[in-house]
Colleague: 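Here's a structure for you.
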Amino acid sequence: MSTAELEQAKTSAKLPPHPERATMEGRNKILGLWLFIGAETVMFACFFGTYLALKGSNLDGPTTQELYQIPMVAISTLILLVSSLTSVLGVLGMHQNNYKKMMLWFGVTVLLGFSFLGLEIYEFVEYVHAGHTFAGSAFGSAFYTLLGTHGAHVLFGVLWISGLLVQVWRRGMSLDMAPKFFSASLYWHFIDVIWVFIFTVVYLMGKV
Amino acid sequence: MTGCEEPDRTVFSPKGEAGEGSLDVIMLSIYIMTFVVAVVLAIFIYVLIRYRQKPGDNSIPKQVEGSMKLEMLWTVIPIILLAILAVPTLTHTFSLAEEAPKDEDPLRVKVTAHQYWWEFEYPDLGIKTAQQLHIPTDEKVYLELTSDDVIHAFWVPELAGKQDLNPGSTNKMWIDADEPGTYEGRCAELCGAGHALMNFQVVAQEKEDFDKWVEKRKNPSSEPKTAEQKAGKEVFTQNCMSCHAIDGTQMKTKGEKAPNLTGFAERNKIAGLLENNDENLEKWMKHPEQVKPGTYMPSFDFLSDEDMDNLKAYLQSLE
Amino acid sequence: MATLVTIIVFILFLSAILTGGYNKELMDRFRSHWLWDWITTVDHKKIGIMYGIGGGFFFILGGIEALLIRTQLFYPNNDFIVGRAFNELLTMHGTTMIFFVAMPLLFALMNMIVPLQIGARDVAFPFLNAMGLWFFIAGGILMNLSWLFGNAPDAGWTNYVPIAANEYSAGTGIDYYVLGLQISGFGTLMSGINFLATIINMRTEGMSFLRMPLFTWTSFISSALILFGFPPLTAGLFLIMFERLFGANFFDVAAGGNPIIWEHLFWIFGHPEVYIVVLPAFGIMSEVISTFSKKRLFGYTSMVFATILIGFLGFMVWAHHMFTVGMGPVANSIFAIATMTIAVPTGIKVFNWLFTMWGGKIRFTTAMLYAVGFIPTFVMGGVTGVMLSTPPGDYQYHDSYFVVAHFHYVLIGGTVFGILAGFYYWWPKIFGYKLNEKLGKWNFWLFFIGFHLTFLIQHFIGLFGMPRRVFTYQPEDGLTLINQISTVGAYMMAVATILFVVNVIYSYRHRVPVGNDPWDGRTLEWSIPSPAPFYNFAQLPKVRALDAFWHEKMKGNKEMEPAEPLGPIHMPSNNHLPIVIVLGFFISGLGFVFRSNEVGALGLIFAFLMMFVRSFEKDHGYHVETDEVEKVEKGVKA
Amino acid sequence: MEQAKPQQESQATESDAKHLASFAVMIVLTAIAFAAVTMDIVPPAMVVPLIIGLAAIQVMMQFFTFMHLDFKKHRITVTFIFTGLLFGVICVVALKYLV
Ligand code: HEA
Ligand code: HEA
Ligand code: CUA
Ligand SMILES: [Cu+2]
C-alpha cells in the first residue's frame with residue numbers, strides 16, 4: 001500500500017457519532033474501564049494513606065521539606081496536565097472523524113508521557129544522591145511505592161497508546177479501535193487525576 | 001479419665017472488676033441473642049411443620065408481595081435490642097480504657113512480650129521479673145504493654161480481656177484481683193512456633209504478702225551457699241550469662257535476651273509451662289525446643305551430668 | 001549464567017510463538033483434543049464448571065488440613081503436628097478455604113447462572129472471564145506448591161506482620177502467600193468487573209434492575225464489594241512483597257515503620273471479603289426458598305435494599321477485628337456501633353425468608369434442606385457476630401475459639417450451605433440430570449449434624465479460655481472432652497463430603513435426563529433447555545415481571561415471549577491467550593518466590609507482551625447460523 | 001440500562017475551545033495551589049484545606065469535562081466512581097489517624 005493510500009484509509013473511514021459507544025463491545029469496554037478506575041482509586045488511596053502514616057519516619061534521611069524541589073514538580077505537573085489536554089483533543093479528533101488530528105494528538109501525548117517519565121527518573125536519581133532511598137527508611141519506602149506505582153501507570157499508559165497508534169497506522173481506523181482509544185484516554189486522564197493528588201498531598205503538603 | 005474436670009480459666013467466673021465489666025456485657029448480649037434465636041426458631045419450626053406440602057396437594061399458594069407492617073416490625077425491634085446492648089457496651093468500653101490517675105501513685109507494671117516469654121518490670125519499685133506477674137489484691141494495677149519483637153496479646157481470662165502488645169508502641173490496660181490466687185494467662189495473638197505455649201501466671205497476693213515479695217525481690221538471695229551451688233554458679237557464668245540475668249550477684253550481664261532468673265526457685269512453673277521441679281528443669285535445659293517449639297533458648301544437652309546437677313542446685317537456691 | 005540461559009530460553013520461546021515457528025503438526029493434534037477446547041474456552045458455563053472443579057479440589061485439600069488440625073487437638077499435649085508445622089496448617093486451611101474454595105465455588109455458580117438469569121447470551125468480557133479462572137488456578141497452585149517445596153506460609157490467613165516479615169518467618173513461606181494471593185486477586189478483580197459490566201449492560205429487554213432475581217442482585221453487590229475490597233489487599237500485598245523481597249521498611253519498627261498499617265489494609269479488605277462470600281449465598285437461599293415454597297419472595301424490594309445496605313456498611317466496620325489493638329475507646333465505640341447496625345438489614349433478610357415459607361407449600365428437596373438448615377445456623381453465627389461487636393465482650397472473645405466458632409457458623413452455615421444448595425438446585429440446568437436425592441439427604445444430615453457437633457461446642461472452648469491458633473492445651477485446662485467432641489464432628493463432616501463426591505459419581509452413572517424445568521422454577525434459566533445450550537437463548541426473552549418465567553407459566557404460556565426474531569447468533573471464539581498470559585504471571589510469581597528477580601521480571605514482561613498481542617488480535621467471534629440453532633433446539637427437545 | 005442506544009446528539013457541544021477553556025481553568029487552579037504553598041498569601045492554617053479543595057475541584061473537572069462523564073447519562077458509572085472515592089477517603093483517613 002502506498003503512503004497516499006494509507007493516508008486515505010486512515011482519514012476517510014466515516015464512523016458514527018460517538019463511535020466508542022456504537023457497539024456493545026465498546027460500551028462494555030468503557031464501563032469496564034470506569035469500574036477499573038474505581039478500583040484503582042481505592043488502591044491508590046491505600047498507598048496515599050500509607051505515605052501519610054509514614055512520611056515523618058525519615059530517620060537520618062532528609063525530610064520532605066529539605067527534599068522536594070518545587071520547580072521540578074511544577075514542570076512535571078505542567079507536562080502531565082498538558083498531556084491530559086492533548087489526549088482529549090485526540091478523542092475530539094476521533095469524534096470529528098479527523099483521524100490525522102487524532103493520531104497527532106495521541107502521538108504528542110505519548111511524547112509528553114515519556115518526558116514526564118524521564119523527568120521522574122532524573123528526580124529519583126537526585127533524591128537517592130541526597131540520601132533518600134527506597135530501603136533507607138519507612139518514609140523512603142512509602143514515597144517510592146506511591147510515586148513508583150504512579151510512574152508504572154504512566155509507563156503502561158504510553159505503551160498502550162503507542163500500541164494503539166501502531167494498530168491504526170497499520171490497519172486504519174475502524175469501529176473496533178474507537179473504544180480502545182477512548183478507554184486509553186480515560187486511563188490517561190485517571191493517571192493525571194492521581195498526579196493532581198500526588199503534587200498536592202505529597203509535594204505541596206510536604207512543603208507546608 | 002480426662003475431660004471431666006472443670007475448666008479453670010473461664011470468663012464466667014471473673015475474679016476482678018475488669019473481668020466483671022466484660023462479663024456484664026457478655027451476659028446481657030447472651031440474653032438478647034437467646035431471645036433473638038428463640039423468636040427465629042419459633043417461627044421457623046412453626047412454618048416448617050405447618051406449611052409442608054401435603055401429598056396430592058398441588059394448589060398454588062397465594063403470591064404475597066410483602067407487608068409493610070411486618071417489615072417495620074422486624075426493623076424496629078432489632079434496633080431497640082441493639083440500643084439496649086449499646087449502652088453498657090459504650091460505658092464499659094470507656095471504663096476499661098481508664099488510665100492511671102495522675103494524682104495518686106498506683107502500681108504500674110511495664111509488660112514486655114518476647115518470643116515466647118514475658119518480662120515484667122516495676123519501674124517505681126526497681127524490680128524486674130519474668131513469667132510470673134505478682135500483683136496485690138483489691139487494687140487496680142496499671143499495665144503498660146509493649147513488645148520486643150512481634151505482636152503478642154496479654155490475656156488472663158479470669159481477670160480481664162486481652163490487649164495486644166505491639167512493637168514500637170505502648171498500650172495501656174488495668175487489671176485487678178479480688179482474691180489471692182494464681183491465675184493462668186495466655187498469649188492470644190499468633191506470634192510464631194511457640195505461641196501455643198507462651199503461658200504465664202498472675203500471682204495475686206494480699207497487700208502484706210505482696211510487699212514482702214517486693215522486699216525479697218529487692219534483696220534477693222542469689223549467692224550460692226553450698227559447694228554444689230557454687231559449682232553451679234560457675235557453670236551458669238560460663239553458659240548462661242550471655243542471656244540471663246540474676247540480680248544480687250556480682251555478675252555482669254546484659255540479661256535482656258532471656259528471662260531474669262532472680263528468685264527462680266520461687267516460681268511454680270518453668271518457662272510459664274512446666275511444673276517447677278528438678279526433673280522438669282533438666283528436661284528444659286537439655287531440650288528446651290522439645291518443650292516449647294521455636295524457643296530461642298539453646299539446648300544444653302552437652303553439659304555433663306555433674307554440671308547439670310550443680311546448675312539445678314544453684315537455680316533452685318535462688319530465692 | 002543461569003540468568004543468561006533463562007533469557008535465551010525465553011527469547012527462543014517468544015520467537016517461536018510470535019513467528020509460528022513451532023511444530024505445527026503437534027499443535028494441530030493438541031487443538032483437536034477435547035482438553036484444548038476446555039483450556040481455550042470463553043464460554044461462561046464451561047468456565048463455571050472449571051471453577052467448580054477447582055474449588056471442589058481445594059475444598060478437599062482445605063478439609064484435609066482441617067482434619068489434621070482437629071486430629072492434633074484430639075488430646076492435650078499431642079505431638080502429632082506441633083510448632084511451625086501446625087501454624088502452616090492453619091494458615092493454609094484458612095487461606096485455602098476463603099480464597100480457593102468459597103470464592104471460586106461462588107464464582108462457579110455465578111458464571112453458570114447469572115447470564116442465564118438476566119437473559120444474556122454471554123458475559124460482558126468472555127476473554128477476561130477466562131483469564132480470571134486461570135488466575136485463580138495459578139494462584140491456588142502457586143500457594144500450594146509451598147507444601148511440595150517445604151516452608152508453607154505460617155502467619156495465619158491474616159498474615160500479620162512482623163511474624164510475616166523475613167526476620168520472623170524465615171524461608172519463602174510467606175512469599176507463596178503474598179504472590180499466590182496477589183495472582184488470584186487479579187483474577188478475582190477481573191471477574192468482579194466482568195460481572196458488574198455484565199449485569200449493568202447485558203440484561204435482556206424488560207429485565208429492569210428491580211426485576212432481577214435475588215441471586216443476580218447479590219452477585220452484583222458482591223462484585224461491587226470485590227471491586228472496592230480487593231484493591232486494599234492488592235496494595236497491602238505489594239507492601240509486604242516489597243518489604244520481603246526488596247528491603248522496604250513499611251512495617252519494621254526499627255526503620256520507622258508501623259505494623260498496624262498492614263492490619264488496617266488487611267481488614268479494610270477482610271471484612272468486605274466475608275460479605276463477598278456470604279451475599280451470593282444469601283441470593284441462592286432466596287431463589288431456593290422461593291422456588292420450593294412455590295411462593296414469590298416476601299418483601300423483594302426490601303431484600304434488595306438490605307443487600308445494598310449490608311454491602312455499603314460492610315466497608316465501615318473493619319476495625320471490629322482490631323478492638324484489642326489499642327485504637328482507643330472512641331474509635332472502638334464508633335466501630336462497635338457501626339458493626340451492630342449490620343444486624344438490622346440482615347435481620348430483614350432472615351424474616352423475609354421465614355415469611356416466604358409462611359403460607360407456602362414447602363417441598364423438602366436436598367437443596368431446600370440446605371436452605372432450611374441455613375436459617376437457624378446462620379442466625380446463630382450472626383448473633384455471635386453481634387456479641388463480638390461489643391468491645392468489652394470482644395476483649396474476652398478475641399482470638400479465642402469463640403471467634404473460630406462464630407466464623408465457621410457464618411462461613412459454613414452461610415456460604416458452604418449456600419453453595420451446596422446451589423449445586424443441588426442448579427445441577428440439572430448445567431448437566432441435564434439431577435443429583436440423587438436419597439444420597440443428597442444423607443449428605444445433608446451428616447454434614448449438618450457433623451457441623452453443629454464440631455462448632456457449637458467451640459463457643460465454650462473459647463469462653464473457657466482456649467486461644468485460637470494453638471497447637472495444644474494442657475490436661476489440667478479441662479478442655480479435653482470438648483475438643484474431642486469437636487474432632488469427632490469434623491470427621492463426620494468428612495464422611496458427608498465423601499458422600500457428596502459419591503453422589504456426583506453415582507448420579508452421573510445413573511443419569512436420567514430432565515426437562516427444562518425440573519423444579520417448577522420461577523426465573524429465566526428454567527425457560528431454556530437443560531443442559532443450557534452453548535448460546536443460552538435461541539431468542540433473547542422478553543421479561544414482563546419479576547419471576548419472569550413463573551409469570552409466563554401462570555398465564556398459561558410454556559415459553560418466554562421472544563424479544564427478537566430467530567437469527568444467526570454471534571459468539572466469541574475460543575482463545576488460548578488467557579492461559580498464556582496467566583502463565584506469564586505464574587512464572588513471574590514463582591521467580592519472585594525463589595528470589596530470582598530476573599525470572600520474576602521476565603515473566604511479567606512476557607505476560608505484558610502477550611497482552612499486547614491480544615490487543616492486536618482481530619477477534620470478531622463467529623456466528624451460529626439459524627438452522628444450526630434450530631437443530632440444537634430440536635435435538636434437546638426430542 | 002447504561003447507554004442502550006448510541007447517542008445521537010450533535011457533536012457541537014464538544015468543541016476544542018470548550019476543552020481548552022477548562023484546561024486553562026485547571027492550570028490556574030494548579031498555579032494557585034503552588035502559589036499558596038510557596039508564597040505567603042494565605043494564612044498557614046488555611047493552606048492545606050485550600051490546596052486539597054483545589055485538587056478536588058480539578059478532579060471533578062477532569063471527570064466531567066475531559067472524561068466525558070455525564071451525570072444524567074451515566075448514572076451507574078457516577079455512582080460507582082463516587083463510592084470508590086468515598087471508600088478511598090475512608091482508607092486515607094483511617095491510615096492517617098488510626099495507625
Ligand atoms: C461469611 C462470613 C461472615 C459473616 C456473614 C459475618 C458476619 C458478622 N460478623 Fe464476623 N467474622 C468472619 C466472618 C463473617 N462474619 C470471620 C472469618 C471472622 C474472623 C476473621 C479472623 O480473625 O480470622 C469474623 C470475625 C468477626 C469479628 C472480630 C472478632 C475478633 O476477632 O475479635 C466481629 C466483631 O465484631 C464480627 C462481627 C460480625 C457481625 C456483627 C456480623 C453480622 O453481619 C451478622 C449479622 C446477622 C445477624 C445478627 C443474624 C440475623 C439477624 C436477626 C435475626 C435480627 C435480630 C438480631 C439482633 C437484634 C442481634 N465478626
Ligand atoms: C469457608 C471457609 C472455611 C471452611 C469451609 C472451614 C471448614 C472447617 N474448618 Fe476452618 N477455618 C477457616 C475457614 C473455613 N474452615 C478460617 C478462615 C480459619 C482461620 C485460619 C487462621 O486462623 O488463620 C479456620 C480455622 C479453623 C480452625 C482453628 C485453627 C486454629 O485456630 O488453631 C479449626 C479448628 O477446629 C477449623 C476447623 C474446620 C473444620 C473441621 C472444617 C470442616 O468443615 C471441613 C470439612 C471438610 C472436610 C473434612 C474435607 C473432607 C474430604 C476428605 C476427607 C477427603 C476425601 C477424599 C476424596 C473424596 C478423594 N478451622
Ligand atoms: Cu506471643 Cu502468641
Ligand atoms: Cu468483620
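It should be emphasised that the depicted structure is a prediction, and the values quoted were computed from it without experimental measurement.
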Colleague: At a 4.5 Å cut-off on heavy atoms, which part of C/Leu233 comes close to chain A: side chain, backbone, both, or neither?
Modeller: neither

Colleague: Taking all non-hydrogen atoms of both residues, which atom of C/Pro231 and which atom of A/Val42 are closest, and how far apart?
Modeller: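 Taking every non-hydrogen atom into account, CB-CB, 4.1 Å.
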
Colleague: Can you give me the closest heavy-atom contact between C/Phe612 and A/Leu159, atom names plus distance?
Modeller: CE2-O, 3.3 Å

Colleague: Chain C contacts: which residues in residues 200-208 of chain A have a non-hydrogen atom closer than 4.5 Å to it?
Modeller: none

Colleague: Using non-hydrogen atoms only, which part of C/Phe230 is less than 4.5 Å away from chain A: side chain, backbone, both, or neither?
Modeller: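 Neither part; nothing is under 4.5 Å.
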
Colleague: Does CZ belonging to C/Phe616 count more than 12 external heavy atoms closer than 6.0 Å?
Modeller: yes

Colleague: C/Ile268, C/Leu196, C/Leu128, C/Ile193: which one forms the most heavy-atom pairs within less than 4.5 Å of chain A?
Modeller: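 Most heavy-atom pairs under 4.5 Å with chain A: C/Ile193.
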
Colleague: Would you mind checking which part of C/Ile261 comes under 4.5 Å of any heavy atom in chain A, side chain (CB onward), backbone (N, CA, C, O), both or neither?
Modeller: side chain

Colleague: For the pair A/Phe47 and C/Phe238, name the ring-plane relationship: parallel under 30°, tilted 30 to 60°, perpendicular over 60°.
Modeller: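 Rings of A/Phe47 and C/Phe238: tilted, as their planes differ by 30° to 60°.
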
Colleague: With a 4.5 angstrom heavy-atom cut-off, could you sort out which part of C/Phe251 is near chain A: side chain, backbone, both or neither?
Modeller: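 Neither part; nothing is under 4.5 Å.
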
Colleague: Considering non-hydrogen atoms only, spot the tightest contact between C/Ala235 and A/Cys46 and give its length.
Modeller: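 The pair with the smallest heavy-atom distance is CB-CB, 3.7 Å.
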
Colleague: Could you tell me which of A/Gly136, A/Gly38, A/Gly32, A/Ala138 has the largest number of non-hydrogen atom pairs under 4.5 Å with chain C?
Modeller: A/Ala138

Colleague: Which atoms of A/Ala53 are under 4.5 Å from chain C, going by heavy atoms: the side chain, the backbone, both sets, or neither?
Modeller: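 Looking at A/Ala53, just its side chain touches chain C.
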
Colleague: Counting only heavy atoms closer than 4.5 Å, note whether C/Ala254 contacts chain A via side chain, backbone, both or neither.
Modeller: backbone

Colleague: Report which part of A/Leu35 has an atom under 4.5 Å of a heavy atom belonging to chain C: side chain, backbone, both, or neither.
Modeller: both

Colleague: At what distance, to the nearest 0.5 angstrom, does CD1 of A/Ile37 lie from CG of C/Leu227?
Modeller: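 So the gap between those two atoms works out to 11.0 Å.
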
Colleague: Scan chain A against chain C and return every donor-acceptor pair whose distance is under 3.5 Å.
Modeller:
from, atom 1, to, atom 2, distance (Å)
A/Asn28, OD1, C/Asn201, ND2, 2.9
A/Ser57, OG, C/Gly256, O, 2.8
A/Ala135, O, C/Asn249, ND2, 2.6
A/Ala138, N, C/Ala255, O, 3.1
A/Ser141, OG, C/Asn249, N, 2.8
A/Gln167, NE2, C/Ser615, O, 3.1
A/Gln167, NE2, C/Ser615, OG, 2.7
A/Arg171, NH1, C/Phe616, O, 3.0
A/Arg171, NH2, C/Phe616, O, 2.5
A/Asp176, OD2, C/His620, NE2, 3.1
A/Lys180, NZ, C/Ser615, O, 2.8

Colleague: If you round to the nearest 0.5 Å, how far is CE of A/Met43 from CG of C/Leu189?
Modeller: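 Reported value, rounded in 0.5 Å steps: 10.0 Å.
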
